[in-house]
A.B. asks: 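Structure provided below as structure tokens; questions to follow.
From a predicted model like this one, the values you see are computed outputs, not experimental measurements.
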Amino acid sequence: MDATTIIMVLLLVVLVFFMFRNKRKRDAQQATLQSKMVPGVEVMLSFGVYGTLVSIDDEANIAEVEVSPGTVLRVHRQTLGRVVEPVVADDEVVSDADELDARPADARPADDLIVDDAADRTSPAYGERVDETRLDTTTDTDKPHKA
């Protein structure tokens, strides 16, 4: 066997190894998702609708999801995208304005020092609409002269 054949066989073995490893990961994720899919849990469907899982029929592959009080959708079981985990609110949320007010008075910027530079700009800001008639600002002195 020459070196190229050995390299090709090794690449094939590595490829097969990664394929089996990824399949095992996906199967484990799917099993975890299925164990979390119990009636009463909040889910997000694959097309972005949030609701509460009411029931799952394994034989018919149908799930019933309540999207609002009294409104139950019957969907295919595979459209159950993920279980929505409750978000833990952070008590230490501080806005920038609160931080500015918490500084000592001598560390705060004076109101007369804050200048709006919008009036000084000659070019538009990012995302600002431009009047099309003002775009042609070239003059005769800007154009190259022909000899």
A.B. asks: What distance separates Phe20 CZ from Leu15 CG, expressed to the nearest 0.5 Å?
C.D. replies: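 Answer for the CZ-CG pair, Phe20 versus Leu15, is 10.5 Å.
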A.B. asks: Quick one: are Leu53 and Leu80 in side-chain contact, heavy atoms under 4.5 Å?
C.D. replies: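 SC-SC contact between Leu53 and Leu80 confirmed.
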A.B. asks: Looking at Lys23, Arg24, Lys25, which one forms a side chain to side chain donor-acceptor pair (under 3.5 Å) with Asp27?
C.D. replies: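 With Asp27 as partner, side chain to side chain donor-acceptor pair (under 3.5 Å) holds for just one option, Lys23.
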A.B. asks: Within the structure provided, determine whether Thr79 and Ser46 are in side-chain contact (heavy-atom separation under 4.5 Å).
C.D. replies: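 Of all side-chain heavy-atom pairs linking Ser46 with Thr79, at least one is under 4.5 Å.
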A.B. asks: Indicate yes or no: at least one non-hydrogen side-chain atom of Val65 is less than 4.5 angstrom from one of Leu45.
C.D. replies: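 Touching, per the 4.5 Å side-chain cut-off.
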A.B. asks: Do you know which two heavy atoms are closest between Pro39 and Ser55, and how far apart they sit?
C.D. replies: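 In this case the closest contact between Pro39 and Ser55 is CG-CA, 4.4 Å.
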A.B. asks: In the single-linkage hydrophobic clustering (I, L, V, M, F, W, Y; side-chain heavy atoms under 4.5 Å), do Val67 and Val54 co-cluster?
C.D. replies: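 They do not share one cluster, since no chain of ILVMFWY contacts under 4.5 Å joins Val67 to Val54.
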A.B. asks: With hydrophobic residues grouped by side-chain heavy-atom distances under 4.5 Å, do Met44 and Leu33 end up in a single group?
C.D. replies: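 No: no chain of side-chain contacts under 4.5 Å links Met44 to Leu33.
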A.B. asks: Atom CG in Asp57, atom CD1 in Ile62: separation rounded to 0.5 Å?
C.D. replies: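 Atom-to-atom, Asp57:CG and Ile62:CD1 are 6.0 Å apart.
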A.B. asks: Shortest non-hydrogen contact from Met37 to Ile56?
C.D. replies: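 What the structure gives for the nearest pair is O-CD1, 3.7 Å.
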A.B. asks: Decide whether Val83 and Leu73 are clustered together by the hydrophobic rule: side chain heavy atoms of Ile, Leu, Val, Met, Phe, Trp, Tyr closer than 4.5 Å, transitively.
C.D. replies: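 Val83 clusters together with Leu73.
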A.B. asks: Please test Glu85 against Lys36 for salt bridge (charged side-chain N to carboxylate O under 4.0 Å, His left out), starting from the C-alpha separation and ending with a verdict.
C.D. replies: CA-CA 10 Å; Glu85 301 293 332; Lys36 290 181 180 179; 3.5 Å; yes
A.B. asks: Look up atom CE in Met8 and atom CG in Asp2, then write down how far apart they are to the nearest 0.5 Å.
C.D. replies: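 If I round to the nearest 0.5 Å, the distance is 11.0 Å.
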A.B. asks: Do Val84 and Val72 land in one hydrophobic cluster if side-chain heavy atoms of ILVMFWY residues count as linked below 4.5 Å?
C.D. replies: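 No, because Val84 and Val72 fall into different hydrophobic clusters, even though each may have its own neighbours under 4.5 Å.
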A.B. asks: Around atom CZ of Phe47, are there more than 12 heavy atoms of other residues, nucleotides or ligands at under 6.0 Å?
C.D. replies: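 It does: Phe47 CZ has more than 12 such atoms within range.
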A.B. asks: Starting from Val9, can I reach Ile6 by hopping between I/L/V/M/F/W/Y residues whose side chains sit under 4.5 Å apart?
C.D. replies: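 Per the 4.5 Å side-chain linkage, Ile6 and Val9 are not co-clustered.
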A.B. asks: Count the heavy atoms of every other residue, nucleotide or ligand shown that sit under 6.0 Å from CZ of Arg74, and state whether that count exceeds 12.
C.D. replies: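 Open.
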